[in-house]
Amino acid sequence: VQLQASGGGLVQAGGSLRLSCAASGRTSSSYAMGWFRQAPGKEREFVAAINWSGTVYQDSVKGRFTISRDNAKNTVYLQMNSLKPDDTAVYLCAQSRNGLVYRDPGYYDYWGQGTQVTVSS
């Protein structure tokens, strides 16, 4: 399985970005997909995840971020609105070991290379 994340960049506070994660190999529609982020000196943290039954978000991004997927394209998206400087991090997409959603990164078998998101104040 290969995951290719893209869409990061530099944006001012209050702006928007849309991240994409294209998957190849194991059929992604059968597995939950997640987005995580890691800022310098901090642990990797859960952002959002999606499976066949719905979506889950970290509290700090609820109402601002939206995760979605296009199964025909094997791609997962993260629409990020009202960005804040605290959202600055490398964002990584990952594929769960099964169809369930987990907040613990240890339950994700495959990871993309990450894409940098920088929000200026």
- Message: Using 0.5 Å steps for rounding, measure from the OG atom of Ser20 to the CG atom of Leu3.
- Response: 12.5 Å
- Message: Determine whether Lys84 and Asp87 satisfy the following criterion, salt bridge (Lys or Arg N to Asp or Glu O under 4.0 Å), listing intermediate values before the conclusion.
- Response: CA-CA 5 Å; Lys84 305 175 181 180; Asp87 295 319; over 6 Å; no
- Under the 3.5 angstrom rule, does the side chain of Gln12 hit a backbone N or O of Val119 as a donor-acceptor pair? no
- Query: Rounded to the nearest 0.5 Å, how far does CD of Gln4 lie from SG of Cys21?
  - Reply: 8.5 Å
- Item | ILVMFWY network linking Val76 to Val90, side-chain heavy atoms under 4.5 angstrom | no
- ILVMFWY cluster, Ile67 and Val56 together (side-chain gap under 4.5 Å): no
- Qualifying ring-ring contact (aromatic ring centres under 6.0 Å, His included) pairs with a residue from residues 33-67, counting only residues at least two apart or across chains: Phe36-Phe46, Phe36-Tyr108, Phe36-Trp111
- Message: Checking the side chain of Arg44 only, and the main-chain atoms of Leu92 only, is there a donor and an acceptor separated by less than 3.5 Å?
- Response: no
- Gap between atom CD of Gln95 and atom CE of Met33 - 0.5 Å precision: 5.5 Å
- Taking the six-membered ring of Tyr77, is the NZ or CZ of Arg18 close enough (under 6.0 Å from the centre) and on axis enough (within 45°)? yes
- Separation of Gln2 CD from Gln113 CD (nearest 0.5 Å): 10.5 Å
- Run the numbers on Val117 and Leu17 for side chain to side chain contact (heavy atoms under 4.5 Å, CB included), then give the verdict. CA-CA 9 Å; Val117 171; Leu17 285 173; 3.9 Å; yes
- Check the hydrophobic clustering (I, L, V, M, F, W, Y; side-chain heavy atoms under 4.5 Å; chains of links allowed) and say if Tyr107 and Ile50 are grouped together. no
- Task: Sequence neighbours left out, what passes side chain to side chain donor-acceptor pair (under 3.5 Å) with Asp104? Give chain and number order.
- Result: none
- Message: Show the nearest heavy-atom pair for residues Ala5 and Cys93, with the distance to one decimal.
- Response: CB-SG, 4.1 Å
- Is there a side chain to side chain contact (heavy atoms under 4.5 Å, CB included) between Tyr91 and Val47 once you walk through the steps? CA-CA 9 Å; Tyr91 283 70; Val47 175; 4.2 Å; yes
- Task: Keeping the roles fixed (side chain from Asn51, backbone from Gly54), state whether a donor-acceptor pair exists under 3.5 Å.
- Result: yes
- Item | Check against side chain to side chain contact (heavy atoms under 4.5 Å, CB included), Arg69 and Thr75 | CA-CA 6 Å; Arg69 70 193 303 171; Thr75 300; over 6 Å; no
- Task: Examine distances only and state if a side-chain atom of Ser96 and a backbone atom of Val101 form a donor-acceptor pair shorter than 3.5 Å.
- Result: no
- Message: If you apply the rule side chain to side chain donor-acceptor pair (under 3.5 Å), what do you find for Asn81 with Ser16, and how did you get there?
- Response: CA-CA 4 Å; Asn81 299 328; Ser16 299; 2.9 Å; yes
- Side-chain contact test, heavy atoms from C-beta onward, threshold under 4.5 Å: evaluate it for Gln116 versus Thr88 and give yes or no. yes
- Message: Evaluate Thr115 against Leu19 for side chain to side chain contact (heavy atoms under 4.5 Å, CB included), listing each step before the verdict.
- Response: CA-CA 8 Å; Thr115 184; Leu19 306 184; 4.0 Å; yes
